[in-house]
Trainee: 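Attaching a single structure in structure tokens format; questions to follow.
Heads up: numbering here begins at 1 and tracks the sequence. Values below: every heavy atom of this structure, side chains too, minus hydrogens, waters and symmetry copies.
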Amino acid sequence: MQAEQEDRFQEFVRARWSRLVRTAYLLTGDVHHAEDLTQTALAKAYRSWRRISRSDNPEAYVRRMLVSCNSDRFRKRRVTEALTAAPPERAGRDEGAGRVEERGSLLAGLAQLPPKQRAVVVLRYWEDLSEAEVADVLGCSPGTVKSQASKGLAKLRMYPGLAADRTVSGGRGQGQGPQGQGHSHVPIHGQVQGGSR
């Protein structure tokens, strides 16, 4: 890779690392797996960076690689991870603690979804991609995205700890993901809130 391309790749990684890790975290439910997954996707992107950098949206291209690498991970090693929302004993409950518990419940609920449903829910409602964009990332039809999103949300609605009358949100600064930088809302009941297309 020439020096100019190398510099552009490094700049891309610095600018997008946190966002890619956050998406990987929602896909895997584990910070360490998320970082490994992101590094794997970026290593593949590095090998094809000249072509990727000429595309209209390099980030979308790398996000597609991220989802693909995660699917490969599930095919090679089918291990169900049990995530817990919080330690069993709490001294008290405040608004911040409620958000941590909510996040833990959402991550545990996401961990129970099949990989494709989980990817659809994360990309559609957390990354705030349109159905067409999610379909492009996953290499499927918009109808499949709609169906998988519906099934995934129905399972999340049934998950203990996700209250029937609330929407689990990933607002900036609410501690979502490893970097605390969510920007969309996952509709547990009712409509999507927060600018979904």
Side-chain angles (χ1 to χ4, degrees), residues 15-38 41-42 57 59-71 73-74 81 83 85 98-140 142 144-159 161-163 166-197:
R16 303 298 197 281
W17 173 260
S18 294
R19 183 180 176 108
L20 290 169
V21 170
R22 187 184 68 233
T23 300
Y25 177 67
L26 291 168
L27 291 171
T28 64
D30 180 272
V31 175
H32 301 295
H33 288 323
E35 290 175 345
D36 289 347
L37 187 62
T38 304
L42 287 171
N57 189 345
E59 184 175 358
Y61 202 102
V62 175
R63 190 187 296 120
R64 188 179 304 119
M65 291 177 138
L66 193 71
V67 172
S68 176
C69 289
N70 187 55
S71 296
R73 183 178 75 95
F74 271 95
E81 297 180 19
L83 302 176
R99 283 195 300 263
V100 169
E101 183 176 319
E102 204 171 62
R103 180 187 77 174
S105 295
L106 177 58
L107 290 173
L110 284 172
Q112 302 306 308
L113 299 181
K116 189 163 191 173
Q117 281 180 16
R118 184 174 184 165
V120 167
V121 170
V122 168
L123 295 173
R124 180 76 176 101
Y125 301 110
W126 186 269
E127 289 294 327
D128 201 25
L129 300 182
S130 69
E131 287 172 354
E133 289 170 327
V134 175
D136 183 54
V137 169
L138 297 179
C140 62
T144 298
V145 170
K146 193 177 288 189
S147 169
Q148 292 294 304
S150 177
K151 290 175 183 176
L153 293 179
K155 288 179 183 176
L156 286 176
R157 288 183 188 111
M158 302 300 292
Y159 191 78
L162 296 176
R166 289 187 303 188
T167 294
V168 178
S169 63
R172 193 172 294 279
Q174 291 186 6
Q176 292 287 355
Q179 307 298 326
Q181 298 176 353
H183 68 278
S184 294
H185 302 274
V186 176
I188 299 306
H189 277 271
Q191 297 297 314
V192 178
Q193 298 178 3
S196 182
R197 289 166 278 178

Trainee: Return the minimal non-hydrogen interatomic distance between Ala135 and Pro142, and the atom names on each side.
Mentor: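 Taking Ala135 first and Pro142 second, the nearest heavy atoms are CB-N, 3.7 Å.
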Trainee: Please name the pair of heavy atoms, one in Val120 and one in Val145, separated by the smallest distance, quoted to 0.1 Å.
Mentor: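 Scanning both residues, the minimum pair turns out to be CG1-O, 3.6 Å.
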Trainee: Any non-hydrogen side-chain atom of Lys151 less than 4.5 Å from a side-chain atom of Pro114?
Mentor: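 A side-chain contact is absent here, since even the closest heavy-atom pair is not under 4.5 Å.
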Trainee: Tell me every residue that passes side chain to side chain donor-acceptor pair (under 3.5 Å) with Thr144, counting only those two or more places apart in sequence or in another chain.
Mentor: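 Once residues adjacent in sequence are excluded, the partners of Thr144 under the side chain to side chain donor-acceptor pair (under 3.5 Å) criterion are Ser141.
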Trainee: Once you round to the nearest 0.5 Å, how far does CG of Asp36 lie from OG1 of Thr28?
Mentor: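 Answer rounded to 0.5 Å: 9.0 Å.
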Trainee: For the residue pair Trp17 and Leu42, establish whether any side-chain heavy-atom pair is separated by less than 4.5 Å.
Mentor: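 Trp17 vs Leu42: side chains touch.
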Trainee: Taking all non-hydrogen atoms of both residues into account, name the closest pair between Leu27 and Ala119 and its distance.
Mentor: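 Leu27 and Ala119 have their closest heavy atoms at CD2-CA, 3.6 Å.
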Trainee: Under a 4.5 Å cut-off applied to non-hydrogen side-chain atoms, are Asn57 and Arg63 in contact?
Mentor: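 Not in contact.
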Trainee: Any donor and acceptor pair, going by atom type alone, linking the side chain of Arg124 with main-chain N or O of Leu129 inside 3.5 Å?
Mentor: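 Checked: pair present.
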Trainee: With a 4.0 Å cut-off, would you call Glu127 and Arg22 a salt bridge?
Mentor: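 Looking at Arg22 together with Glu127, the answer is yes, because their closest N to O distance falls below 4.0 Å.
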Trainee: Atom CG in Asp136, atom OH in Tyr61: separation rounded to 0.5 Å?
Mentor: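 Here the rounded value is 10.5 Å.
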Trainee: Please tell me if the side chains of Val121 and Leu26 come closer than 4.5 Å, counting only heavy atoms from C-beta onward.
Mentor: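 A side-chain contact is absent here, since even the closest heavy-atom pair is not under 4.5 Å.
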Trainee: Nearest 0.5 Å, what's the CG-CD distance between Leu153 and Gln117?
Mentor: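 Rounded to the nearest 0.5 Å, the CG-CD separation comes out at 9.0 Å.
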Trainee: OG of Ser71 to NZ of Lys116: how many Å apart, nearest 0.5 Å?
Mentor: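 Spacing of OG (Ser71) from NZ (Lys116) equals 8.5 Å.
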Trainee: For Lys155, I'd like to know if atom NZ has over 12 heavy atoms of other residues, nucleotides or ligands within 6.0 Å.
Mentor: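 Yes - once you tally the heavy atoms of other residues, nucleotides and ligands closer than 6.0 Å, there are more than 12.
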Trainee: Examine distances only and state if a side-chain atom of Arg118 and a backbone atom of Leu113 form a donor-acceptor pair shorter than 3.5 Å.
Mentor: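 Looks like no, no N/O pair under 3.5 Å.
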Trainee: Does Gly109 offer a backbone N or O that forms a donor-acceptor pair with the side chain of Gln112 under 3.5 Å?
Mentor: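 Absent.
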Trainee: How about Leu37 and His33: do any of their side-chain heavy atoms sit closer than 4.5 Å?
Mentor: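 Of all side-chain heavy-atom pairs linking His33 with Leu37, none is under 4.5 Å.
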Trainee: Ignoring hydrogens, what is the shortest heavy-atom contact between Thr38 and Leu20? Give both atom names and the distance.
Mentor: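 Looking at all heavy atoms of both residues, the shortest contact is OG1-O, 3.7 Å.
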Trainee: If we ignore hydrogens and angles and just use 3.5 Å, is the side chain of Ser68 paired with the main-chain N or O of Arg64 as donor and acceptor?
Mentor: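 No.
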